Enquirer: 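Here it is, the structure in full.
Residue numbering restarts at 1 for every chain, and letters A, B, ... go by the order of the sequence lines. Since this is a predicted model, take the numbers as computed values, not measurements.
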Amino acid sequence: MQITMTVNGVSHTRDVEARLLLIHFLRDELRLTGSHWGCDTSNCGACVVWLDETPVKSCTVLAAMADGRRVRTVEDLARGGRLDPVQQGFAECHGLQCGFCTPGMMMTARWLLDHHPDPSVAEIREALSGQLCRCTGYENIVRSVRWASEHEAAQPAGGDGGTGRQAGER
Amino acid sequence: MSAAPDPALDGAYGPVRRKEDARFLRGQGTFVDDIQRPGMLHGAILRSPLAHARIVSVDTAAAEAHPRVRAVITGELLERRKLAWMPTLSRDVQAVLATDKVRFQGQEVAFVVAEDRYSARDALELIQVEYEPLPVVVDATRALDEGAPLIRDDVAGQRDNHIFDWAAGDRAATDAAFAAADVVVTQDMLYPRSHPAPLETCGAVAEMDPVSGKLTVWATTQAPHAHRTLYALIAGLPEHKIRIVSPDIGGGFGNKVPVYPGYLCAVVGTMITGQPVKWVEDRSENLMSTTFARDYHMHGEIAATRDGRILALRARVLADHGAFNGSAQPSKYPAGFFHIFTGSYDLQAAHCEVTGVYTNKAPGGVAYSCSFRIAEGVYLVERMVDLLAAELGLDPAELRMRNLLRPEQFPYTCPTGWEYDSGDYPRALQVAMDLAGYPELRREQEERRARGEYMGIGLSFFTEGVGAGPRKDMDILGLGMADGADLRIYPTGAAVLSISCQTQGQGHETTFAQIIAHELGLSPDDVEVVHGDTDRTPFGLGTYGSRSTPVSGAAAVVVARKVRERARVVAAAMLEAAPEDLEWARGRWQVRGDPEQGRTMAEIAMAAHSSLELPDGVEGHLDAETVYNPPNLTYPYGAYICVVDVDPGTGAVALRRFIAVDDCGVRINPMIVEGQVHGGLADGVGMALMQVITYDQDGNCLGGSFMDYLLPTSLECPSWELGETVTPCPHHPIGAKGVGESATVGSPVAVVNAVVDALRPLGLRHADMPLTPASVWSALQGRPVRADLAL
């Protein structure tokens with residue numbers, strides 16, 4: 001079947017099998033390998049991307065379900081060579097080790113901060129609780145998100161490094 | 001680099017931000033499954049649905065007829081090429097693809113190579129395998145029963161499921177100490193089967209260049225050089241025609257040490273088809289077939305005087321190794337380093353016996369950040385000490401304080417022969433107790449108990465021996481455990497370090513750059529670290545058992561100091577001084593007594609490559625190489641305190657606090673060290689509270705997905721409270737010890753001790769991990785259940 005979706009602001013049209021998973025479409029068809037596959041069962045969240053404005057686990061979304069919709073992946077977090085505050089937070093707070101869960105964690109964190117700019121530690125833990133990290137014990141991921149929150153507050157949205165951007169915007 | 005120190009003034013140690021983050025944060029890492037090669041095909045493995053069965057027939061005709069299938073490989077085909085069996089890291093053999101029988105559920109039976117991922121999986125469904133089911137052994141305690149089904153009838157002379165008997169310590173001295181003791185406490189305990197479950201599963205891309213005959217394998221391996229040698233030995237390929245690349249690795253934890261059948265199938269796939277072949281297992285395959293951890297059935301006995309002096313320790317262990325003995329540890333030690341089980345205490349005597357058995361379960365055993373089974377040893381001794389404290393009516397902290405080794409006893413040879421290098425144990429425990437507010441916690445516990453609330457405080461104190469290891473004692477399949485390093489200094493002073501160990505998230509590209517920068521007066525930004533590619537790095541045994549910093553880290557220091565000495569001669573020529581009149585200070589060579597006369601490494605490097613006249617016999621350039629053979633293991637240690645609240649009505653455990661004080665000697669990058677500890681604590685909490693690989697009586701694996709094999713999330717983990725003491729390692733060139741596994745080794749028993757402590761008023765003496773609500777509740781009813789069996 002033919003599908004068309006906008007991924008990170010670029011429209012792609014492809015003939016795909018109806019059963020093709022979105023994660024495989026992104027990774028194998030578009031070669032956007034930043035999103036990872038980890039479990040098949042929606043437990044680990046290494047594959048989290050945004051479908052329109054909502055984080056989804058792309059290992060349990062069919063590519064066909066994204067037809068006509070917008071997808072945003074980790075490759076779209078940094079803009080114009082400038083890292084998103086979430087990315088900066090992960091670097092500053094050692095929020096990643098092997099880096100495998102990181103893209104999914106950051107996509108959820110970006111969504112959280114867009115909707116709750118000043119989340120508590122408990123709210124951050126709740127937001128990330130559908131995703132697994134095997135390296136960090138989560139503490140530094142939580143600190144990374146807090147770092148991003150604090151630095152976004154100091155540098156409000158609207159500039160080129162601002163927040164609250166929607167998928168597909170340039 | 002906001003926190004980067006000034007190397008000229010402070011050296012380069014400190015919480016330097018990681019170099020490797022730049023690519024991961026942008027989604028630009030290169031994991032095995034990210035690799036695409038021109039014409040690449042995709043492999044998938046057909047696995048056994050049964051735990052024990054004779055293979056009557058394998059019919060691949062329909063699969064071969066699939067339009068997108070390029071090859072179907074069976075055990076029979078491999079047998080013709082003498083590749084159906086491969087050596088394990090414990091000198092056993094393991095089937096690559098089954099020929100005679102399947103021996104565990106999930107065992108590899110056939111391999112399909114197809115033009116795409118999905119077609120390869122489709123074709124698996126087209127393979128018809130006829131099995132004749134056989135009786136199954138899943139419980140190690142029944143494996144040696146008279147009439148138990150013989151699992152390894154492929155091994156000549158094997159008549160039962162026995163693998164080995166092994167013992168350490170002094171039996172007679174231990175017996176005498178027990179006979180003289182006022183108090184003896186005994187306990188049976190199970191360290192149940194767990195799985196490391198790195199978030200990235202195992203996989204490989206194999207590519208044989210038909211013209212040059214060169215085989216390249218990109219694989220999820222923690223030990224690329226050892227794998228290269230193994231491939232050469234298994235497949236009979238010349239070793240210089242094999243290149244193993246371990247690209248970015250999504251977590252290892254010991255899961256990626258062995259060579260797995262899938263890697264070899266990918267290799268055979270590329271040899272047969274002439275095209276690159278990718279194989280990446282799915283999560284169920286990872287959990288059901290790759291190396292598990294633990295599965296130690298332990299009986300502990302501890303002897304003491306009435307006033308709380310620990311005299312001796314005894315352990316008998318039944319070790320479940322699964323269907324093939326594939327555990328990975330130095331050859332001399334079939335039970336790994338379990339016999340360091342005397343822990344951190346000053347004992348008179350100790351003795352342990354370990355019996356290994358086969359069962360119809362996945363092979364493995366030494367994995368999951370266990371420091372070669374020290375995890376099991378620490379669990380045993382720390383449970384026994386807590387049980388003894390309860391028996392004597394002593395506070396467990398007080399009992400530990402009375403019996404911990406004292407600083408003046410180091411170096412200390414423990415009753416089973418390990419030579420502990422350095423430590424101040426009472427201080428570490430005191431720091432942990434101060435951080436926790438221990439007396440206040442005990443007071444709070446008393447108040448809560450009076451109100452009918454069940455709060456528990458659990459302690460553990462662990463000592464590990466990591467950094468395998470001295471060549472005279474340690475090898476894996478005959479390969480000594482020394483590690484090479486080579487260091488090139490470019491004319492502008494930029495440095496490239498090549499090392500044999502390999503990062504799976506530990507941040508080697510940063511830490512090792514700091515080591516070199518510190519030694520040579522450079523910035524870590526000036527140092528590139530090359531690792532994970534056997535064509536670009538010197539031989540060494542890889543990263544596991546917390547050995548990177550103790551062994552490869554030491555190699556990096558030694559090679560940097562070689563470079564520094566070469567630079568001294570060049571600097572002397574530049575300064576027209578004698579080399580012996582120079583001193584290394586503030587990151588440069590300078591004339592002793594005249595600091596104005598000095599040269600930086602960049603200046604020296606340019607001169608070393610220039611036409612500057614050098615003394616006779618001086619080669620020029622600054623490059624150097626080395627091989628580091630560690631004189632001993634390093635012995636990190638720590639004191640952990642866990643606080644829990646338990647609901648005896650439901651058995652639910654809530655983890656309130658976790659305090660961890662680690663001493664890993666000198667910390668090169670404290671930020672990374674703390675990250676390592678954080679991750680290990682989460683692993684420990686997971687093992688203590690939820691992780692277990694369970695089998696039913698037919699050998700069906702019930703932990704084959706993340707829906708069944710539960711891992712801790714951000715909600716189960718508290719905000720870790722860390723502390724540190726620093727006792728340098730006396731034999732490591734910069735005083736560092738390994739730390740990667742410390743928290744995984746030390747933390748589970750603190751959680752268990754806390755839960756038992758909480759429920760002691762209700763008469764609970766012991767409960768086996770994982771302490772799920774169901775198992776805590778059952779233990780409280782006096783009907784403990786085996787969480788690893790569903791019978």
Enquirer: Rounded to the nearest 0.5 Å, how far does SG of A:Cys39 lie from CG of B:Asn286?
Expert: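 These two atoms lie 11.5 Å from each other.
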Enquirer: Listed by residue number, which members of residues 195-203 of chain B have a heavy atom under 4.5 Å from any heavy atom of chain A?
Expert: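 If one takes a 4.5 Å heavy-atom cut-off, the residues of residues 195-203 of chain B near chain A are B:His195, B:Pro196, B:Ala197, B:Pro198, B:Leu199, B:Glu200, B:Thr201.
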Enquirer: Tell me, side chain or backbone of A:Thr102 under 4.5 Å from chain B's heavy atoms, or both, or neither?
Expert: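 The side chain, not the backbone.
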Enquirer: For A:Arg143, which atoms come within 4.5 Å of any heavy atom of chain B: side chain, backbone, both, or neither?
Expert: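 Only the side chain of A:Arg143 comes within 4.5 Å of chain B.
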Enquirer: Can you name the closest pair of heavy atoms from B:Phe253 and A:Arg134 and give their distance?
Expert: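 Looking at all heavy atoms of both residues, the shortest contact is CZ-O, 3.3 Å.
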Enquirer: Taking all non-hydrogen atoms of both residues, which atom of A:Asn140 and which atom of B:Gly675 are closest, and how far apart?
Expert: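 Closest approach of A:Asn140 to B:Gly675, heavy atoms only: ND2-CA, 4.4 Å.
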Enquirer: Does any backbone or side-chain atom of B:Arg26 lie under 4.5 Å from a heavy atom of chain A? Answer side chain, backbone, both or neither.
Expert: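 Both backbone and side chain of B:Arg26 come within 4.5 Å of chain A.
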Enquirer: Set out, in order, the CA-CA distance, both residues' side-chain angles and the distance that settles side-chain contact (heavy atoms from CB on, under 4.5 Å) for A:His36 and B:Asp34, then state yes or no.
Expert: CA-CA 9 Å; A:His36 299 135; B:Asp34 300 340; 4.3 Å; yes
Enquirer: Do the side chain of B:Trp720 and the main chain of A:Gly137 share a donor and acceptor less than 3.5 angstrom apart?
Expert: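 Here the side-chain-to-backbone pair exists.
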Enquirer: Within this structure, what is the CZ-CD distance for the pair B:Arg17 and A:Gln88, rounded to the nearest 0.5 Å?
Expert: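 Rounded to the nearest 0.5 Å, the CZ-CD separation comes to 12.5 Å.
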Enquirer: Go through B:Met707, B:Glu20, B:Gln28, B:Gln504 and name the one with the most non-hydrogen pairs under 4.5 angstrom from chain A.
Expert: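 Most pairs with chain A among the choices: B:Met707.
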Enquirer: Would you find a donor on one side and an acceptor on the other, under 3.5 Å apart, between the side chain of A:Arg125 and the backbone of B:Leu715?
Expert: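 Between the backbone of B:Leu715 and the side chain of A:Arg125 there is no qualifying donor-acceptor contact (under 3.5 Å).
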Enquirer: By a 4.5 Å heavy-atom criterion (distance strictly below it), what part of B:Leu681 contacts chain A: side chain, backbone, both, or neither?
Expert: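 Answer is neither: B:Leu681 stays 4.5 Å or more from chain A.
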Enquirer: Nearest 0.5 Å, what's the CZ-CZ distance between B:Phe24 and A:Phe100?
Expert: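 If I round to the nearest 0.5 Å, the distance is 10.5 Å.
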Enquirer: Do B:Gln36 and A:Asp28 have side-chain heavy atoms sitting under 4.5 Å apart?
Expert: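 Answer yes - side chains close enough.
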Enquirer: Please flag which part of A:Glu126 lies under 4.5 Å from any non-hydrogen atom of chain B: side chain, backbone, both or neither.
Expert: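 Contact with chain B involves both backbone and side-chain atoms of A:Glu126.
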Enquirer: Can you tell me which portion of B:Asp33 sits under 4.5 Å from chain A's heavy atoms? Options are side chain, backbone, both or neither.
Expert: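 Contact with chain A is through both the backbone and side chain of B:Asp33.
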Enquirer: Step by step, would you call A:His94 with B:Ile672 a side-chain contact (heavy atoms from CB on, under 4.5 Å)?
Expert: CA-CA 7 Å; A:His94 190 29; B:Ile672 287 177; 4.1 Å; yes
Enquirer: Between A:Gly34, A:Ser129, A:Ser35, which residue shows the highest count of heavy-atom pairs closer than 4.5 Å to chain B?
Expert: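 Maximum pair count with chain B is reached by A:Ser129.
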Enquirer: Check whether any side-chain heavy atom of A:Leu20 sits under 4.5 Å from a side-chain heavy atom of B:Tyr118, and report yes or no.
Expert: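 The answer is yes; the side chains approach within 4.5 Å.
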Enquirer: Would you tell me whether B:Gln676 and A:Gln97 have side-chain atoms, one donor and one acceptor, within less than 3.5 Å of each other?
Expert: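 On atom types as modelled, these side chains qualify, holding a pair under 3.5 Å.
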Enquirer: Would you check if B:Ser719 and A:Glu139 make a side-chain contact, meaning some heavy-atom pair closer than 4.5 Å?
Expert: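 The answer is yes; the side chains approach within 4.5 Å.
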Enquirer: Could you look at B:Glu281 and say if it's the side chain, the backbone, both or neither that has a heavy atom under 4.5 Å from chain A?
Expert: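 Contact with chain A is through the backbone of B:Glu281 alone.
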Enquirer: If I measure from the heavy atoms of chain A, does B:Leu287 come under 4.5 Å with its side chain, its backbone, both, or neither?
Expert: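 Neither part, no heavy atoms under 4.5 Å.
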Enquirer: Against chain A, label B:Asp248 side chain, backbone, both or neither, depending on which of its atoms sit under 4.5 Å from a heavy atom there.
Expert: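 Looking at B:Asp248, nothing touches chain A.
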Enquirer: Under 4.5 Å from any heavy atom of chain A, what part of B:Phe31 do you find: side chain, backbone, both or neither?
Expert: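 Looking at B:Phe31, just its side chain touches chain A.
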Enquirer: Are side-chain heavy atoms of B:Thr713 and A:Gln131 found at a separation under 4.5 Å?
Expert: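 Sidechains of A:Gln131 and B:Thr713: no contact.
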Enquirer: Less than 4.5 Å apart, side chain to side chain, heavy atoms only: is that true for A:Leu132 and B:Phe706?
Expert: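 Result yes, sub-4.5 Å side-chain heavy-atom pair found.
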Enquirer: Who wins among B:Gly679, B:Ser714, B:Gly505 for the most heavy-atom pairs under 4.5 Å with chain A?
Expert: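 Going by pairs under 4.5 Å, I would pick B:Ser714.
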Enquirer: Between B:Arg23 and chain A, with a heavy-atom cut-off of 4.5 Å, which part of the residue counts as in contact: side chain, backbone, both or neither?
Expert: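 Neither part, no heavy atoms under 4.5 Å.
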Enquirer: Please determine, among A:Asp40, A:Ile141, A:Leu96, A:Leu128, the option with the most heavy-atom pairs under 4.5 Å with chain B.
Expert: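 Sorted descending by pairs with chain B, the first entry is A:Leu96.
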Enquirer: Going through the checks in order, is the side-chain contact (heavy atoms from CB on, under 4.5 Å) test met by B:Asp282 and A:Trp37?
Expert: CA-CA 9 Å; B:Asp282 67 24; A:Trp37 167 91; 3.8 Å; yes
Enquirer: Quick check, are the ring centers of A:Tyr138 and B:His678 under 6.0 angstrom apart?
Expert: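 Judged by ring-centre distance (under 6.0 Å), A:Tyr138 and B:His678 do not meet the cut-off.
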Enquirer: Which one of A:Cys93, A:Ser42, A:Ala91, A:Ala122 has the most heavy-atom pairs closer than 4.5 Å to chain B?
Expert: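 Of the options given, most contacts go to A:Ala91.
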